[in-house]
Every structure is written in structure tokens, then in C-alpha cells.
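Note on naming: letters A, B, ... go to the chains in the order of the sequence lines (proteins, then strands), and numbering restarts at 1 for each one. Every value quoted in this text rests on a predicted model; they were computed, and no experiment measured them.
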Amino acid sequence: MIKKSESVLFNLSFWVVLLFAFASTYVIASTTEASKLSDNQKIPCLDCHDNTSEFPVLSIFNTKHAVVADKRTPFAKDACQTCHGDATEHMKNPSKENAPIQFGMKSKVPVAQQNKVCLGCHEAGARMSWKGSAHEMAGVACATCHTLHANESKALNKRTQSEICFECHQTQRAQAYRPSAHPIVQGKMSCLGCHEPHGGSGPKLLNKPTLNETCYACHAEKRGPFLWEHQPVREDCSICHLPHGSNHDALLNAKGPWLCQQCHMEQYHPSGAYSGTGIPPTGAAQQLLAKNCMNCHPQIHGSNHPSGARKTR
Amino acid sequence: MKEHQTKDFGIVLLTGLFLTGSAIAGESRFSSVTVGGLYTSSDSFKFGQYTGLEKKGGHFLADLDAKWRKESRYWNLQGSNLGFTSRNITAEYGNQGSYKLWVGYDQLPRFQTESAKTIFSGAGGTSLTLPAGWVSSGTTAGMTGLLGSLQSVNFSQERRRYDFGLSKIFSHGLDVGVGFQRDIKDGTKTFGAVIGNSGGNPRAVIIPEPVDYVTDQWAAHVGYTGSRAQARISYTLSRFEDRNTALTWANPFSAISGWASAAGYSTGQGRVALPPDNRAHQLVLDIGYNVGNATRITANFAKGRMTQDEDFLPYTVNPALTVTTPLPRSSLDGKINTTALMFKLASQPSSRFGWTTHYRLDDRRNRTPIAQYIYIGGDSSNQGSVTSDKARTNMPYSFRQNQFKVEGDYHLPFRTHLRGSYVLDVINRTFSEVKRTRENTYRLELKRGALDIFGGGIYAVIAKRNGTVYDATLPYYDSYSPEYINTVAANVRFGNHPLMRKFPFADRLRKQLGFWASCTPRSTLSVQANTSFNREDYTKTEIGLKDGDRSQVTLDAIYTPFRYVTTHAFYTNELFKTNQRGRSYSGGAVKPTQSNDPNRNWWQKRRDWNNTFGVGGELTGLRDRYDIGVEYLYAASRGSIIVTTGSALTPAAVLPLLSSKLHHVELYGKYKVTEALKAKLSYYHDRYHSRDWAYDNVNANTLANVILTGEENARYLVNSVGLSLNYDF
């Protein structure tokens with residue numbers, strides 16, 4: 001157990017580190033001047049493609065891709081042509097027909113060819129499992145989600161990431177508005193809190209090797225192991241819960257006591273037939289009202305009490 | 001919670017101002033700061049559930065996005081909801097291509113209910129006491145002071161996350177990183193606290209459970225990036241600490257039949273174990289390798305261990321109760337070894353054909369020691385013997401899943417694809433009614449490019465799951481003592497009904513059919529529609545979940561009639577249906593006949609409907625100064641539960657519908673005062689109404705044997721007006 005005093009010490013230490021970090025940047029920022037934009041005039045593409053063209057491009061200079069000092073970036077190499085390919089013919093005779101590689105789902109360039117450009121630099125880390133992943137097999141282009149010629153990328157902002165996912169996963173968008181849901185529409189959590197869209201090692205593109213480990217990342221108190229385990233809890237949280245949103249409390253996929261009765265049909269009250277006879281004004285059944293089964297069996301995720309075999313302790 | 005909020009709020013403000021100053025000094029680009037106020041018209045926990053706007057009144061609006069860059073060096077500071085208790089602030093400093101440091105703070109409230117009441121003092125602590133002069137009784141009807149003793153208790157929690165880390169890129173494609181994250185979660189939540197055991201003598205009270213958790217996570221990785229091969233090895237340690245070990249409450253019920261007299265009021269107490277401290281370690285190795293230009297091999301290997309060894313509480317908190325058999329051990333020494341492996345081979349041998357195959361292993365070996373515990377039912381009676389039904393052996397469940405998948409994608413003419421896949425899923429379980437299940441899943445899809453003028457697709461899935469022999473009595477024999485089982489008549493030696501088939505591993509036939517279409521006649525208009533239908537049949541289930549359907553229809557449209565006007569609309573309808581069957585039976589002498597009597601069957605039909613509709617539009621750049629937007633969202637759910645009973649049971653009565661309705665309206669206008677300064681005026685109307693018979697007209701004393709909180713279903717009407725200024729610098 002952690003003592004309260006230790007926690008206070010931690011909090012203070014954290015904020016001291018935070019302030020120190022900010023102070024450092026303050027000093028640096030105060031004594032240096034921000035650089036100007038890269039020398040655009042050296043890039044012939046910009047003679048035609050500027051912010052007045054059909055697809056404004058100049059915002060690329062506000063992104064990491066245009067940092068020349070980082071030798072890994074496109075602009076440290078052949079600028080626009082690093083990604084868009086050789087534009088010699090296009091510059092001699094500008095037309096859409098001989099345009100170099102264009103990105104996005106509307107491009108005539110095959111998705112695999114588009115993505116190959118991105119993966120040329122970004123195949124490590126989270127993208128390591130991209131090939132053969134569900135999104136890759138579904139023909140999703142990197143540029144479907146990522147916007148490169150923009151000051152801000154929705155895909156890289158936790159508050160807006162889910163908007164991108166919901167463009168295709170529209171059922172999940174609706175589920176996010178259910179009475180019981182994770183705080184996605186409030187912007188406090190994004191789909192990427194659980195999923196790795198580039199192809200994680202877990203099922204359903206989860207960012208942990210298993211579903212339960214994904215849930216434990218925020219709900220570590222349910223990790224156990226416990227003395228008295230509840231089998232579905234140990235196996236798969238989604239046996240009882242709908243993580244994208246539910247009509248029922250606690251993201252449950254059905255209302256108790258019937259949810260419990262889908263697996264429990266022991267003698268006496270677990271096997272009882274509960275109906276309108278058990279609610280006011282007709283009656284009052286403790287298996288139906290309030291927390292239903294959990295009025296008496298609260299330790300449904302497991303108990304570590306020696307007298308908790310029935311998940312009551 | 002308030003103390004933390006005040007302290008953190010102040011510090012966040014301080015750092016925000018500090019950074020704003022530095023941003024101006026450093027001539028940062030593309031930075032902005034937003035300040036203003038928001039007024040909400042009503043109190044509502046549900047409305048402010050995750051935002052911290054649960055109180056009527058004024059709220060400080062503040063967002064910050066400051067950036068600075070010189071060549072490859074940069075820092076970013078982003079803060080959102082700085083004036084709310086749902087604030088977030090992150091700072092990052094680095095040299096692109098070399099190193100990066102970051103630090104972050106995130107606060108997440110969760111307001112559960114503000115209408116609950118409790119008879120106990122000490123909410124939030126680990127010892128709950130009854131009011132002086134408490135009048136106890138065997139049922140709530142006799143507790144004459146119950147309603148008068150109720151006092152409000154807010155059930156809410158708050159999570160505060162601190163994190164920081166560092167990553168460094170070296171030459172030759174190597175990179176390393178370390179990170180730390182601390183989650184602190186505190187508050188209270190409801191807990192069903194029971195005294196007594198089954199057999200007609202439990203008495204319960206809903207009490208406030210203290211939440212005081214700290215979860216630390218340390219992570220480190222080393223990565224390699226090459227043109228053909230990439231690798232990453234990472235280690236994570238997660239440590240969960242609960243500052244409380246147990247929660248004790250005074251028993252408000254008088255001793256009843258089946259309890260020891262000392263278990264009742266005023267000497268009796270109840271005690272539950274709160275979540276025990278635990279640890280989890282995991283080592284992960286990810287490797288990717290390109291074989292030529294067309295093929296890639298990926299392997300992910302994760303080896304982990306979850307442990308828990310907190311000291312056991314004694315069998316009972318009541319010293320007057322006799323304990324004759326000691327605990328078999330002082331702590332659990334719980335241990336689960338986990339292994340996860342995924343091996344994937346993906347190839348695109350031609351521009352027309354691609355395929356992938358993968359193998360997944362998910363192995364969780366529960367090495368927790370097995371022992372027999374003779375438990376005391378709800379701190380209410382003396383300990384029994386090994387021949388009682390309270391002599392139980394723990395069952396550390398293990399699980400092993402082997403999954404093999406192969407998938408192909410063939411490009412037909414006219415940007416049409418034919419895709420097919422096959423999955424073999426084999427799961428082995430211990431202490432389970434079924435030792436092994438095996439499921440074969442086939443999927444076929446034909447689709448045309450989503451963003452062609454006309455796109456569309458159709459897919460079908462069929463999956464069949466079979467298991468080895470289903471032995472419903474197996475957990476009974478694994479958990480109850482042989483000495484007890486020998487006292488039970490041979491024809492009723494079962495816990496769960498022998499015909500019960502638990503749906504997670506019952507034989508199942510699953511079918512799915514889906515269709516989608518899109519139309520993009522011009523770049524300004526896009527319309528999509530999709531529908532799917534899922535059916536699950538538990539083919540050999542007599543008792544339990546029999547079948548389930550899920551169907552949904554979605555329509556989605558985006559229209560841009562003019563250059564500066566965008567509009568959108570969507571609608572989703574989703575319907576869940578399940579049918580399950582039960583059989584009501586008692587124990588004792590009637591158990592053999594009742595458990596075999598089909599006239600004691602009951603059936604439950606569940607229908608959950610959901611409708612979600614949204615429409616909105618935005619006009620930007622009007623006269624180069626004005627932006628105007630409007631959004632409307634409607635989300636409604638309706639649930640029907642119909643129970644019918646066999647001829648030997650009491651006829652069932654109708655249950656009212658469960659329902660919820662949310663209306664959200666948002667109007668805003670932005671005015672560009674100067675190129676850098678914008679003003680925004682917003683209005684929000686939020687109305688929510690829900691009905692749930694589990695809480696409607698249910699008071700603290702409605703149940704005879706359970707003291708409830710009397711909480712009400714969430715309903716609110718909140719109007720909010722916000723005014724803010726946004727400055728770009």
C-alpha cells in the first residue's frame with residue numbers, strides 16, 4: 001500500500017519536473033528566434049501549387065515532413081518529389097494526365113503504391129504489422145486518415161481521432177452516444193486508446209496482445225489474479241460488456257438478472273423467473289431492482305476474500 | 001477530490017501563462033490561445049459525467065496550443081478544458097530526428113449519481129457506522145428510522161494521469177525510449193454489501209465503496225529500423241496499488257434465522273476485500289521483415305506474468321463467530337503466466353492478387369495454488385466443516401487459444417475486389433464444462449471501390465462452433481468437497497442445471513450478411529448506406545441463451561452546396577434481439593422433480609432498439625469575417641423484456657419499457673475581429689430523459705431485505721452559453 005504522504009511527494013515532484021521543463025523551454029525560446037519558412041523559391045512545384053490552387057499545399061511547411069535539418073524527412077531529400085515521385089515530365093508539360101503520384105482514396109494510383117511511399121520511411125514502430133492487417137486488406141490508404149498538407153492532423157489529435165474512425169465505422173459512432181459509453185464523444189478518450197489502426201498484435205486491431213490486457217490498461221484493479229475467479233471475466237471482458245456503448249449500466253450487453261442467467265441456472269433464486277411481478281407497485285424483488293444480482297454479489301470481477309466464493313465478499 | 005482539483009487547476013494555469021509568455025518571446029508560429037466563459041443552467045451529474053460541468057453556474061474556458069520551432073528543435077504545449085476538471089495538458093520538447101521529452105497531465109471525472117442517499121456515516125472511508133439510536137429490524141419495514149437517517153452521498157470518481165518520457169534516436173536505425181505513467185483514481189462508487197448467505201437469509205445494503213487506486217506503469221523499448229527489417233523489444237511493468245484493503249460496515253439488520261445472534265445489530269459487522277494490489281510484467285518482441293518487394297513476415301511475441309499476493313483477510317470480521325479450520329495459506333501467491341504470439345505472412349505476388357495468413361497463440365496459464373477454503377457466509381454464522389457446502393476449492397482458470405487465418409484478395413475488373421477468408425479457432429480451457437471448442441469461420445466479400453461514383457459491396461460470414469462433451473457438473477465436482485458431495489443424493493449432484501449451456505462455449509452457428517453502397521456523383525455530394533444482419537443460434541442449448549440477432553441500418557450524407565457551406569446528416573438504427581430459456585427449481589427434496597419439469601420453464605425475449613440521428617452544417621468565411629454552425633443530435637434507446645412462464649410457475653407480469661432520449665443542439669457563431677483574434681459565441685441545449693424500472697419509484701426501503709440508495713434515473717435539461725476569444729500568434 002502507498003502512503004498518502006508518498007503520493008503527495010510524487011505530485012509535488014511531478015509538477016516540479018513539469019515546471020522545470022517549461023522553464024528550460026522558456027529560456028531557449030527567449031534567446032533564439034524561430035526560423036523562417038524554408039526557402040520555397042527553390043522548389044519549382046510551388047510555382048503552380050500554392051495555397052490558391054485546388055489543393056493548397058503550403059501548410060506542409062508547418063509539419064515535421066518539411067524539417068530539412070532532420071535528414072530523414074522528404075524535404076531533406078528531393079522535397080515534393082521524394083513522396084510524389086519524379087515530376088520532370090509534369091513540369092515540362094503540366095497536366096493531370098502526367099501528374100506524379102497523388103495520394104488519397106480518390107487517386108487513380110493504386111492504394112498499395114501510395115502506401116509503399118509512406119512505408120518507405122514509416123514501416124517501423126506501430127506500422128510494423130500494417131501489411132496483412134485488416135485495414136491494409138480492406139484497401140485503406142494512409143492518406144485516407146492522414147492529412148499531410150495541413151497545420152493540424154486530425155489523426156494525431158486525441159480529441160479528433162475518433163471523427164476519422166467514425167467516417168467508416170458508423171455503427172460505432174452511434175454506439176458512442178448510448179447511455180453507457182466510454183468518454184469518446186467528450187474527447188477524453190479516442191478509438192486509439194484501445195485500437196492500433198495500423199495492425200496491432202491483438203485481435204480486432206487492439207493495441208495489446210489480448211482484449212483483457214487492453215482493458216487492464218485503465219482498469220488494473222480487475223486484473224487479479226483473484227482467489228475466487230469468475231470464468232468469463234478471466235477469459236474475455238466482452239462476454240458481458242459492450243465496449244463501444246450500451247443501453248445498460250456499466251456497458252453491459254444485457255440487463256440483469258437475465259444476463260447472469262445466461263450462464264447461471266442453479267437452484268433457488270438463480271433459476272427464478274423474474275418479471276413485472278417483482279417491481280413496484282406489484283412487488284419488489286431484490287434480484288430485479290437497483291443493482292439486481294449485484295445487490296448481493298458485488299465482487300463479480302473476482303474476490304480475494306477467503307469467504308468470497310459466491311462473490312459476496 | 002476538490003483539494004486535488006484546486007491545486008492542479010492553479011498549477012495548470014500557472015504553467016499555461018508561463019508558456020504563453022515563452023511562446024510570444026520565442027516568436028512561435030501557429031500557436032493559439034482560447035479564453036472565455038461558459039454558463040450552464042442546471043446541476044446534473046449525467047450531463048457533466050465526463051466533462052466536469054456537473055454544477056450550474058459559470059465555468060472558465062481555456063484552451064492552449066503553443067508551438068515553437070527552430071530548425072529541428074521544437075516544443076509544443078497543448079492544453080484543453082483547462083478550466084474544467086476534465087483538463088488535459090501536454091508538453092513536448094525535442095530535436096526532431098534526435099530526441100524527444102514529453103510530460104503530460106490528464107484529469108477525467110466520472111459522476112455517477114447525485115440523487116443517492118445512505119444511512120451510514122464515513123462515506124469515502126473504510127469503516128461505515130450507523131447513526132446513533134438506529135432502530136434495527138429483520139427487514140426494512142421495521143427500520144423506523146431509515147428514511148429519516150438518510151443523508152446525501154455523491155457517487156463519483158476522478159482519474160488523474162501523470163506521464164512523462166524520453167526517446168532518443170541513434171544512428172544505424174536504433175532508437176530507445178522510456179516512459180512512466182501514474183494513474184490516480186479516487187472517489188466512491190456503489191457497492192452491494194451483504195450479510196448472510198443464500199438459503200433465504202441474506203440482508204444487504206448499498207454502501208459507498210472507497211476508490212483510492214494508484215496504478216504505475218513503467219515502459220522501455222529499444223527499436224531498430226532498417227529498410228528491410230524492423231524490430232522492437234519492449235518491457236512494461238504495471239503496478240496496481242489500492243490504498244485500502246477492506247471495507248467494513250455495521251450491520252443495520254437484526255439477527256435473523258440462520259445467523260449467529262452476534263452477527264446482527266448492534267454487534268455484527270460485515271467486511272469485504274477491496275481490490276488487491278497486483279503486478280503485471282510483460283516483455284514484447286516485434287519483428288518485421290520484407291522478403292523481396294512483395295512479401296512481408298511479421299512476428300509479435302509477448303511473454304508476461306500477472307501476480308497478486310496480498311495478505312488474506314480472516315474468514316470473518318466478527319470475533320464472536322467460531323472459526324475452527326484455519327486458512328490454508330496466508331495469501332494467494334496468485335500467478336498467471338501469459339504468452340501471446342502472432343506470426344503473419346503477407347504477400348502481394350501480383351498487382352491483382354494479395355494474400356495473408358496468420359497464426360495467433362494466446363496462452364494464459366494460471367499457476368495460482370489450489371486449496372480448500374471453508375468459508376463463512378457473509379460474516380453471519382459459525383464456520384462449518386468439510387462436509388458442508390461451504391468447503392470450496394478455488395479454480396484458477398487457464399485458457400489457451402490457437403487461431404489460424406488465411407485471407408485472399410483478388411482484383412477483378414472495374415476496381416472490383418473479391419475477398420475471402422477462413423479462420424480456425426481452437427480454445428482449450430481448464431475447470432470448464434467444455435475442455436475444447438473449435439470454430440470454423442468462412443467469409444466472402446465482393447466490393448467495388450468506396451469512393452468511385454458508385455461503390456458498394458456485399459459480404460457473408462458463416463461460422464460454426466463445436467465443443468467436446470459438455471459436462472455441466474464439472475465445476476461442481478471441481479469446487480465442492482468430496483465429503484460434501486457424498487452427503488448429496490446422487491441424482492442432484494449438480495450446481496448449474498445439467499441442461500444449461502453457457503453461451504461463451506456452447507455449440508453455435510453464426511451467420512452474418514452485410515451490404516453497403518455509396519454514391520459520389522460529384523465532389524460536393526457523398527451518400528452512403530450500409531446494413532448488416534447477424535444471427536447466432538446456440539444449436540444444442542436447452543437452457544441458457546438460445547439465439548441472438550443484431551441488425552443495423554446506417555445512412556450517411558455529406559453535401560457541400562456552396563464553396564463555404566458544408567452540411568452533413570446521419571442516421572443509424574440498431575436492433576438487438578435475444579431469446580433465452582430458464583427453468584425455475586428449488587433445492588432439497590423437490591430438486592429432482594422440479595429440475596426435470598419442463599412446465600417450470602420460463603422464456604425471456606429481449607429487444608433493444610437504438611436510433612441515432614445527427615444533422616448539421618457550417619457556413620465559413622461569410623463576408624470573410626463570420627463562421628456560423630449548427631448541430632443537432634438525437635440518440636434514443638428503447639428496451640423491451642418479455643417474460644413468459646410455464647404452467648407450473650406463477651404467471652409473469654409485463655415489465656415496462658426501458659428508455660432513454662438525448663437531444664443535443666449546438667449553435668455557434670465566430671467573428672473574426674482581426675486576422676489573429678476571433679470571438680465565438682456558442683449556445684448548447686441538452687435534454688436527457690431515461691426510464692428504468694429498476695430505479696423508478698424505488699426508494700431506500702422498497703425492498704424488504706436490501707436497503708437501497710433511492711437514486712433516481714438520470715434526467716436533465718441544461719442550456720449553456722459560452723463566449724470565448726481565440727488569439728493566434
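Of the two parts of B:Ala193, only the backbone, made up of N, CA, C and O, holds a non-hydrogen atom closer than 4.5 Å to a non-hydrogen atom of chain A. Proximity to chain B (any heavy atom under 4.5 Å) is restricted, for A:Ala285, to the backbone atoms N, CA, C and O. Heavy-atom distances place the side chain of B:Thr368, and not its backbone, under 4.5 Å from chain A. Looking at A:His230, only its backbone comes within 4.5 Å of chain B, counting heavy atoms on both sides. Contact of B:Thr612 with chain A is made through the side chain alone, with heavy-atom distances under 4.5 Å. Both the backbone and the side chain of A:Cys218 come within less than 4.5 Å of a heavy atom in chain B. Contacts of B:Ser351 with chain A are absent, with no heavy-atom separation under 4.5 Å from either backbone or side chain. Heavy atoms of A:Asn253 lying under 4.5 Å from chain B belong exclusively to its backbone. Looking at A:His301, neither its backbone nor its side chain comes within 4.5 Å of chain B, counting heavy atoms on both sides. Contacts of A:Ile239 with chain B are made by both backbone and side-chain atoms, with heavy-atom separations under 4.5 Å. Only the side chain of B:Phe399 comes within less than 4.5 Å of a heavy atom of chain A; its backbone N, CA, C and O stay farther away. A:Gln175 touches chain B through its side chain: at least one heavy atom from C-beta onward sits under 4.5 Å away, while N, CA, C and O do not. No part of B:Ser479 comes within reach of chain A, as not one of its non-hydrogen atoms sits under 4.5 angstrom from that chain. With a 4.5 Å cut-off on non-hydrogen atoms, A:Thr312 touches chain B through its backbone and its side chain both. For B:Arg606, the part lying under 4.5 angstrom from a heavy atom of chain A is the side chain only. Using a 4.5 Å cut-off between heavy atoms, B:Val654 touches chain A through its backbone atoms (N, CA, C, O) alone. With a threshold of 4.5 angstrom between heavy atoms, B:Ala302 approaches chain A through side-chain atoms but not through N, CA, C or O. Only the backbone of A:Ala181 comes within contact range of chain B, with at least one heavy atom under 4.5 Å from a heavy atom of that chain. Looking at B:Leu327, the atoms closer than 4.5 Å to chain A (heavy atoms on both sides) all sit in the side chain, from C-beta outward. For B:Leu545, the parts sitting under 4.5 Å from any heavy atom of chain A are the backbone and the side chain alike. Looking at B:Ile206, only its side chain comes within 4.5 Å of chain A, counting heavy atoms on both sides. If you measure heavy-atom distances from A:Ser107 to chain B, the contacts under 4.5 Å come from the backbone alone. Looking at B:Asn496, the atoms closer than 4.5 Å to chain A (heavy atoms on both sides) sit in the backbone and in the side chain alike. In this structure, no portion of A:Pro110 lies under 4.5 Å from any heavy atom of chain B. At a 4.5 Å heavy-atom cutoff, the contact between B:Thr298 and chain A is made by side-chain atoms alone. At a 4.5 Å heavy-atom cutoff, the contact between A:Arg72 and chain B is made by side-chain atoms alone. At a 4.5 Å heavy-atom cutoff, the contact between A:Pro203 and chain B is made by backbone and side-chain atoms alike. Using a 4.5 Å cut-off between heavy atoms, A:Pro179 contacts chain B through both its backbone and its side chain.
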request  = Assess whether side-chain contact (heavy atoms from CB on, under 4.5 Å) is satisfied between A:Trp130 and A:Leu119, documenting all intermediate values.
outcome  = CA-CA 9 Å; A:Trp130 170 257; A:Leu119 292 171; 3.6 Å; yes
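For the options B:Arg392, B:Lys344, B:Met306, B:His417, heavy-atom pairs under 4.5 Å to chain A are most numerous at B:Lys344. Here B:Glu407 is the residue among B:Met395, B:Glu407, B:Arg232 with the most heavy-atom pairs under 4.5 Å with chain A. With respect to chain A, the highest number of heavy-atom pairs below 4.5 Å among B:Tyr695, B:Phe312, B:Trp602 belongs to B:Trp602. The most heavy-atom pairs under 4.5 Å with chain B, out of A:Lys158, A:Glu167, A:Gln113, A:Arg173, come from A:Arg173. Listed options B:Gly639, B:Gly223, B:Ser660, B:Ser238 were ranked by heavy-atom pairs under 4.5 angstrom with chain A; first place goes to B:Ser238. Your options are A:His248, A:Lys116, A:Met189, A:Glu136, and the one with the most heavy-atom pairs under 4.5 Å with chain B is A:His248. The greatest number of non-hydrogen atom pairs below 4.5 Å with chain B, out of A:Met294, A:Glu152, A:Arg159, A:Lys71, is found for A:Arg159. Chain B forms the most heavy-atom pairs under 4.5 Å with one residue out of A:Thr277, A:Asn295, A:Leu288, A:Val185, and that residue is A:Asn295. Counting heavy-atom pairs closer than 4.5 Å to chain B, the top residue among A:Gln170, A:Glu266, A:His297 is A:Glu266.
Between the A:Arg127 side chain and the A:His122 main chain, a donor and an acceptor come within less than 3.5 Å of each other. Put simply, the side chain of B:Lys335 never gets that close to the backbone of B:Asn366: no donor and acceptor are under 3.5 Å apart. The closest donor-acceptor contact from the side chain of A:Ser275 to the backbone of B:Ala653 lies under 3.5 Å. Listed for the B:Asn278 side chain is no donor-acceptor partner under 3.5 Å among the backbone atoms of A:Glu221. Checked by atom type and distance alone, the side chain of B:Asp409 never pairs as donor or acceptor with a backbone atom of A:Ala138 at under 3.5 Å. Judged by distance alone, the side chain of B:Thr572 and the main-chain N or O of A:Thr171 form no donor-acceptor pair under 3.5 Å. Using a distance-only test at 3.5 Å, with no hydrogens or angles considered, a donor-acceptor pair links the side chain of A:Arg313 to the main chain of B:Arg271.
By the 4.5 Å heavy-atom criterion applied to side chains, A:Gln261 and A:Tyr274 are counted as neighbours. Between A:Gln262 and B:Lys502 there is no side-chain heavy-atom pair separated by less than 4.5 Å.
A salt bridge is absent between B:Arg364 and A:Glu235; no separation between the charged side-chain nitrogens and carboxylate oxygens falls under 4.0 Å. Between A:Glu123 and A:Lys131, at least one side-chain nitrogen of the basic residue sits less than 4.0 Å from a carboxylate oxygen of the acidic one, meeting the salt-bridge criterion.
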